[in-house]
There are 4 protein chains.
Amino acid sequence: MSGASERPLRADAARNRARLLDVATEVFTTRGVGVPTEEIARSAGVGVGTLFRHFPTKEALLEAVMVRRLEDIAARTERLAADAAPGEAFTACFRLVVELSVGKNEFARALAAAGVDVHASLRGPTEQIQTRLAELLAGAQRTGTVRPDLGLAEFIALLAGTGRALEQLGPEPEPRERIFQVVFDGLRPR
Amino acid sequence: MSGASERPLRADAARNRARLLDVATEVFTTRGVGVPTEEIARSAGVGVGTLFRHFPTKEALLEAVMVRRLEDIAARTERLAADAAPGEAFTACFRLVVELSVGKNEFARALAAAGVDVHASLRGPTEQIQTRLAELLAGAQRTGTVRPDLGLAEFIALLAGTGRALEQLGPEPEPRERIFQVVFDGLRPR
Amino acid sequence: MSGASERPLRADAARNRARLLDVATEVFTTRGVGVPTEEIARSAGVGVGTLFRHFPTKEALLEAVMVRRLEDIAARTERLAADAAPGEAFTACFRLVVELSVGKNEFARALAAAGVDVHASLRGPTEQIQTRLAELLAGAQRTGTVRPDLGLAEFIALLAGTGRALEQLGPEPEPRERIFQVVFDGLRPR
Amino acid sequence: MSGASERPLRADAARNRARLLDVATEVFTTRGVGVPTEEIARSAGVGVGTLFRHFPTKEALLEAVMVRRLEDIAARTERLAADAAPGEAFTACFRLVVELSVGKNEFARALAAAGVDVHASLRGPTEQIQTRLAELLAGAQRTGTVRPDLGLAEFIALLAGTGRALEQLGPEPEPRERIFQVVFDGLRPR
DNA sequence: AATGAATGAGCATTCATTCAT
DNA sequence: CATGAATGAATGCTCATTCAT
């Protein structure tokens, strides 16, 4: 499920790694990827050396943050899809993915800028999510909840776009809800 | 209605300034704001000194790029709104603003990170656009083209979100068009 | 009486810091404050990064150099004043301060140009020295070694001036000594 | 429109040159030699190009400022020496040279840092002044106003030092006068 | 001749990464 | 293993000087 078989990792090392990931997630999301590694290390209560022992590169840290996020999304999506009727599942997952994606774009781009096969470790969770989303979409289209002409790519684009729209809004729930209403209405078969 | 009385600016200086803006727009949009000033200058065929003569700060360059974009959007929106019936005008402007906004977010954020009254020069065009959008929205709601419960803030958020969705997609027109269809359908009164 | 509780500072870090201060003192004194930081770092056998780790700003380095000088002067003055009779003490301290002040003006000015509360860290040692000098002056005036109409400000101005006179001269001792004779003679009560 | 002569142009150029020298003197004295050439030009009401037409180098401008100062000192010294009795002349010239030297050190050093035979154009006026000072010193020593063991070099060093002492002081006349008293008393034979 | 735009070497400073402690 | 000092390439910006207008 999660990782495969790395060294058992001593208890404190594991704790450090987790703390670093937490802090990095928070910091990258709220202040962007430009924050110095040293500051991330300090916020996590460790030295830079420790950070670089766990993540050989800043980019690797970025990647690890994304992987964890994607895995989280994948797991939750899975669970949700298992627990709900197809129509319900679609909107529930849509909301879930959107909410969890907010702030992701910022460093998805940073990762992409690094070039080649960075995606290596992202590919797994990404495909997992996409597969799940494809199933959801197909189910929703079969049951007539979603217009049949919508492809997977557009579905995903809409997820990203909806997330972006929410970022633009403040924290009050009504406007956010209205965005969802517009999108869900628009998704219904004519 | 744009600017009033800047320096006359020698012919070659004006050309350099324009080239710098063009190059910066292109480069910031495609590769992000991290691109070195020196490279922008070189791409524009001038020395760094020239860049800094025209824009005293990298941030000032960023700002100038945004201002030009916003002014362009404002002008085009104005023209479009004048030439079309309210219903038509709404969708036409929506499409226009979305297409012209693609890639803008990236450095809007960079600018925002700079702090205080950066917005000074952006405020004018921004308010102009918002006013126009507010009128468009009101008109479309009056003629029954758009659901009446949608506020200006949500409208703008949807513009941003739709732009983001398009960024996610490739250049083929059909998927892009489908995004617009979903949003426009969703915007219609129940 | 010097510092109280700075970080323990690792052995090599302390050595680097000291070397940087030594080199900077030498270089600022002989070649002025315009010398590039990079060169100072290289002369001290460290990278620029190390220099900036110890002194976050070139100006901070300047300040640290001055502080060390002033503290040195303060300490030596103190010792001298404790070990000598009032009359002796005055001339001895005068000579001492003058000799140690040579070359100081150059970057005192550079520091002053930086603005507001630069003096923060200089104020302590400066006031210490001034207090000591005030006592010396008072003592010498009480014992009739120095004309009673001389204020502290003029005393200090004379110290600076005598230092400047010595700078003008070569290293041969006789002319330098004659400068002292003129000043000391001039300082005696009519 | 010209026709007859190049005189008007020369007058113009001469005025520019004079203005530049005035502004440069003021600016170098009060704010140091680090002030950008462009600012000097602007303050003088001309473009940078004009500045560099008159003075091919910033250093050349510095030199010209110094030359003018030295020539002024030389001329005034000459006049003073001719108009006064030897004893009077000495102190009068001493005061004069000191007052006119204030602020000179700052860029004398900058010039010296440039290296080679920069002094070329300074040598003339410098020697002129030194000759005059030598005569003054000799006269004062002959008439018993000044201790006979003082050499020319020490005399000059004292001039520089006294200037430095005055720089340290504020503008109130009494403390400044006291400095002169100390020096003059010190200069008297035993 | 005057102007000021253009140039680019030079400088202070930052930050990802390495390595001695 | 953790630490944080050291490193140095890279970046934004300045300013003396040149050159087209």
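First the proteins, then the strands, lettered A, B, ... as listed; each starts at 1. Keep in mind that this is a model prediction, so the values were computed, not measured.
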Check the distance between dT21(E)'s C1' and Arg15(C)'s CZ and give it to me in whole angstrom. 12 Å
How close or far is atom P of dT11(F) from atom CZ of Arg31(B), stated in whole angstroms? 11 Å
Any idea which heavy atoms bring Ala41(C) and Leu20(C) closest together, and the distance? CA-CD2, 4.2 Å
To the nearest Å, give me how far apart CG (Leu20(C)) and C1' (dT13(E)) are. 15 Å
Should Phe28(C) and Ile40(C) count as side-chain neighbours, where that means a heavy-atom distance under 4.5 Å? yes
By nearest heavy atom, map Asn16(B) and Thr57(C) onto DNA chain E; which one lands nearer the 5' end? Asn16(B)
Is any side-chain heavy atom of Phe55(A) less than 4.5 Å from a side-chain heavy atom of Leu21(A)? yes
Give the nucleotide from the list dA6(E), dA5(F), dA2(F) with an atom nearest to the side chain of Ala13(C). dA5(F)
Out of dA16(F), dG12(F), dT13(E), which has the shortest distance to the side chain of Phe52(C)? dT13(E)
Numerically ordered, the residues 36-50 of chain B set in heavy-atom contact under 4.0 Å with DNA chain F is Pro36(B), Thr37(B)
Check this one for me: any side-chain N or O of His54(D) less than 4.0 Å away from OP1 or OP2 of dA1(E)? no
For Arg53(B) and dA16(F), what is the distance between atoms CZ and C1' respectively, to the nearest whole Å? 13 Å
What is the separation between atom CG on Leu61(C) and atom P on dT13(E), rounded to the nearest whole Å? 10 Å
How long is the line joining NZ of Lys58(C) and C1' of dG10(E), in whole Å? 12 Å
How many whole angstroms separate atom CG of Asp12(D) from atom C1' of dA2(E)? 9 Å
Between dG12(F) (C1') and Phe55(B) (CZ): distance, integer Å: 16 Å
State the pairing partner of dA2(E); accept Watson-Crick or G-U wobble contacts with both distances under 3.5 Å, and report none otherwise. dT21(F)
Do Val67(B) and Glu71(B) come close enough that some side-chain heavy atom pair is under 4.5 Å? yes
What I want to find out is whether Arg68(C) reaches Glu63(C) closely enough, with some N-O distance under 4.0 Å, to be called a salt bridge. no
For dT7(E), the Watson-Crick or wobble counterpart (both distances under 3.5 Å): dA16(F)
DNA chain E: 5'-proximal contact among Pro56(C) and Leu51(B) (nearest heavy atom): Leu51(B)
Are Arg19(D) and Val46(D) side-chain neighbours, meaning at least one heavy-atom pair lies under 4.5 Å? no
With a 4.0 Å cut-off on N to O distance, would you call Asp12(D) and Arg15(D) a salt bridge? yes
